[in-house]
Number of protein chains: 2
Amino acid sequence: MEKKTNKTKQSSHIQSVEKAILILDILSKKNEGMSLTQISQKLKYPKSTVHGILATLRDYKFVEQSEETGNYKLGTRLFELGNKVARSWDIRDAAIPIMKKLNKQFGETVHLGAEDNGDMLYLEKIDANHLINISSEVGVRLPMHCSGLGKVLLAQKSPAELKRFINQKGLPALTRRTITTQSALEKELEKIRKQGYAIDDGEIMEGLRCVAAPIKDANGIIRYAISISAQVRDLYGTRLNQVIQETVRAANQISKELENL
Amino acid sequence: MEKKTNKTKQSSHIQSVEKAILILDILSKKNEGMSLTQISQKLKYPKSTVHGILATLRDYKFVEQSEETGNYKLGTRLFELGNKVARSWDIRDAAIPIMKKLNKQFGETVHLGAEDNGDMLYLEKIDANHLINISSEVGVRLPMHCSGLGKVLLAQKSPAELKRFINQKGLPALTRRTITTQSALEKELEKIRKQGYAIDDGEIMEGLRCVAAPIKDANGIIRYAISISAQVRDLYGTRLNQVIQETVRAANQISKELENL
DNA sequence: GCAGTTGTTCGGTATTATCGAACTATAGTT
DNA sequence: AACTATAGTTCGATAATACCGAACAACTGC
């Protein structure tokens, strides 16, 4: 009778909903799409189970089938909902005009980011004027400890919170410049707190430098950050100083916008 | 035994998944969020049912709870997935650079759209340089028969398809200039086919004019369109002609990109 | 035409979603 | 502060429903 009683006791989840979510998750990793059997094998669900859930998701446009291959892919309804979410954030309205100004001043890529469950989540991006563009993308997650945006946000965590963060996420290295020890990170964050901005020096990607400054929400809590990214060879000396100054200024301006909103 | 056998016979849907989807749908209509009871009342589901589904969705970030109000809103995972969907479309990569060029030439708002189940769906938008911006938004749907983008796409439907479209969607009027009769629409579409572009003259919104041109995909099928929108008072005479010429040219250029991709 | 694969349908089984009601927490009122 | 009213959460019994395996159908490629 009790076949799998003690298997996964965790917190009650509606199974079929969870399965649907996991199907979407797995589809999000393959943008060429997946076939029914691929999904069913990967998730170890019987084909008929997957079939039923996919049919439901399809009818509501959460997934769609490629006409040629018949493969399932994420559907337009998710696109719609995702944009709805983006539009619901006041931060975007406040930040985008100022980000654009910053982009005009230096011609470089400008990012807006926030923490989402221990990850850096890119909320918005203004592309550089030149053709070589940073290959980041809105809606993408990145480890916090190696991006300028992430470090700025980490800098205001309490020691306990920081510890918890490191335990949960670790400090994986993306390049050989990535900070990978707790002590080094603590020192770096202390520095960031003092100077009021962060610099990422090839910690995500060799040759990429970025300057990030914190944004306070209406309650004065640092919850967002903006950054300018460019090749190291375009961002040094006096220009770097200018960029720092202007980035901090822009971030403060956005904070002020959020205050009286 | 058979309490509700003949209630909803339609096609088999996994109930709980469907309920989860409907919860997301209803949340997407209120961006200030909704409380558990509001949702449960609106959808006529018992509170405990909604509670369970929401808990599952919450744990996977498909919804999140406002810290102050406790209201449920769409979550960041949807933002992530939505952007994933957007990135999976090659059309965006091909179109965006050319759309930006078009935006630079005239300084006006440029849109990219496609049909999604009988609606115009905005896929991408480049904002105008000036402050007065069209209040359209990416990820939003609009009736096809009253936007330039939509009319361009309608123009290549067969009479039977057009008929089906009208039956399904009707021809609701958004302004007093909106085309609301089948015969008027047929005439308009014929004109569009001849000239190779469409003009929307205040049919969505009084005072707004927009010029749209079709984009062919790799198989030569018109599946997308771009448009320039501006106030009528900024878009007439020789400038209008220039805009038409350049919009068509840009659309053709994008079609060519898609060909050899 | 046949083997191999993938997608779809079907029906019995018991797992699991469901629902009402009881319970707790929270907010508002006097 | 106590009390009311509302919202949110937990619980447990019930049977409806998701689940699964297997059989069937539809393709594909050889």
Side-chain angles (χ1 to χ4, degrees), chain A residues 1-27 30 32-60 62-73 75, chain B residues 1-27 30 32-60 62-73 75:
Chain A
M1 252 168 222
E2 53 279 336
K3 263 191 204 164
K4 42 163 90 171
T5 310
N6 57 350
K7 234 186 165 180
T8 42
K9 200 31 175 290
Q10 31 189 16
S11 60
S12 62
H13 273 173
I14 277 83
Q15 281 203 358
S16 41
V17 174
E18 191 167 38
K19 281 179 180 159
I21 289 173
L22 291 175
I23 288 173
L24 293 177
D25 277 359
I26 207 175
L27 283 176
K30 306 254 181 194
E32 68 277 13
M34 293 174 84
S35 71
L36 175 69
T37 19
Q38 281 177 312
I39 298 171
S40 112
Q41 280 169 356
K42 196 92 185 180
L43 293 177
K44 307 269 183 56
Y45 301 153
K47 283 195 295 179
S48 43
T49 302
V50 176
H51 182 74
I53 294 173
L54 279 176
T56 310
L57 291 173
R58 168 160 36 75
D59 290 356
Y60 288 95
F62 275 64
V63 303
E64 59 191 17
Q65 273 181 288
S66 152
E67 291 177 6
E68 309 98 69
T69 63
N71 272 6
Y72 289 92
K73 312 192 309 171
Chain B
M1 252 167 219
E2 53 279 336
K3 264 191 204 166
K4 42 163 87 171
T5 310
N6 56 350
K7 234 185 161 178
T8 44
K9 200 33 176 287
Q10 31 189 14
S11 60
S12 62
H13 274 172
I14 277 81
Q15 281 204 1
S16 40
V17 174
E18 191 168 38
K19 281 178 181 162
I21 289 172
L22 291 175
I23 288 174
L24 293 177
D25 277 359
I26 207 175
L27 282 177
K30 306 254 180 195
E32 68 276 14
M34 292 174 85
S35 72
L36 175 69
T37 18
Q38 280 177 314
I39 298 170
S40 112
Q41 280 169 357
K42 196 90 184 179
L43 293 177
K44 308 267 184 56
Y45 301 153
K47 283 196 296 179
S48 42
T49 302
V50 175
H51 182 75
I53 294 173
L54 279 176
T56 308
L57 291 173
R58 170 163 32 79
D59 289 356
Y60 287 97
F62 276 63
V63 302
E64 59 191 17
Q65 274 182 287
S66 151
E67 291 178 6
E68 309 99 67
T69 65
N71 272 6
Y72 289 92
K73 312 192 309 172

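So you know, we letter chains A, B, ... as the sequences are listed, proteins then strands, and number each from 1. These values consider heavy atoms only, across backbone and side chains, with no hydrogens, waters or symmetry-generated copies.
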Scan the side chains in residues 44-58 of chain A for donor-acceptor partners under 3.5 Å anywhere in the protein, sequence neighbours excluded, and list what turns up.
{"residue": "A:Thr56", "atom": "OG1", "partner": "A:Gly52", "partner atom": "O", "Å": "3.0"}
{"residue": "A:Thr56", "atom": "OG1", "partner": "B:Ile14", "partner atom": "N", "Å": "3.1"}
{"residue": "A:Arg58", "atom": "NE", "partner": "A:Gln65", "partner atom": "OE1", "Å": "3.2"}

Exercise. Does A:Glu32 CD have over 12 foreign heavy atoms under 6.0 Å away?
Worked result: yes
Problem set entry | Close side-chain approach of B:Asp25 to B:Leu22, heavy-atom, < 4.5 Å | yes
Seminar exercise, completed: Winner on side-chain proximity to A:Ile14, out of C:dA17, C:dT6, D:dT17, is C:dA17
Exercise. Looking at residues 39-50 of chain A, who's got a heavy atom less than 4.0 Å off DNA chain C?
Worked result: A:Lys47, A:Ser48
For this session: Give me the bend of the helix from C:dG1-D:dC30 to C:dT30-D:dA1, using the axes of the five pairs at each end, rounded to 10°.
Result: 50°
Exercise. To the nearest 0.5 Å, what is the distance between CD (A:Gln38) and CG (A:Asn71)?
Worked result: 6.0 Å
For this session: Decide yes or no for B:Tyr60 and A:Leu24: does some side-chain heavy atom of the first lie under 4.5 Å from some side-chain heavy atom of the second?
Result: no
Exercise. Which heavy-atom pair separates B:Tyr72 from B:Val63 by the least distance, and what is that distance?
Worked result: CD2-CG2, 4.1 Å
Exercise. Quick one: is C:dT16 close enough that its OP1 or OP2 comes under 4.0 Å of any side-chain N or O from B:Ser16?
Worked result: no
Exercise. Which is true for A:Leu36 with a 4.0 Å heavy-atom rule: it touches a base, it touches only sugar-phosphate, or it touches nothing?
Worked result: base
Problem set entry | From OG (B:Ser16) to CD (A:Glu18), nearest 0.5 Å | 11.5 Å
For this session: Assign each of A:Thr69 and A:Val17 to its nearest nucleotide of DNA chain C by heavy atoms, then name whichever residue's nucleotide is nearer the 5' end.
Result: A:Thr69
Exercise. How long is the span from the CD1 atom in B:Ile39 to the CG atom in B:Leu27, to the nearest 0.5 Å?
Worked result: 4.5 Å
For this session: Return no unless some side-chain N or O of B:His51 is found under 4.0 Å from OP1 or OP2 of D:dG8.
Result: no
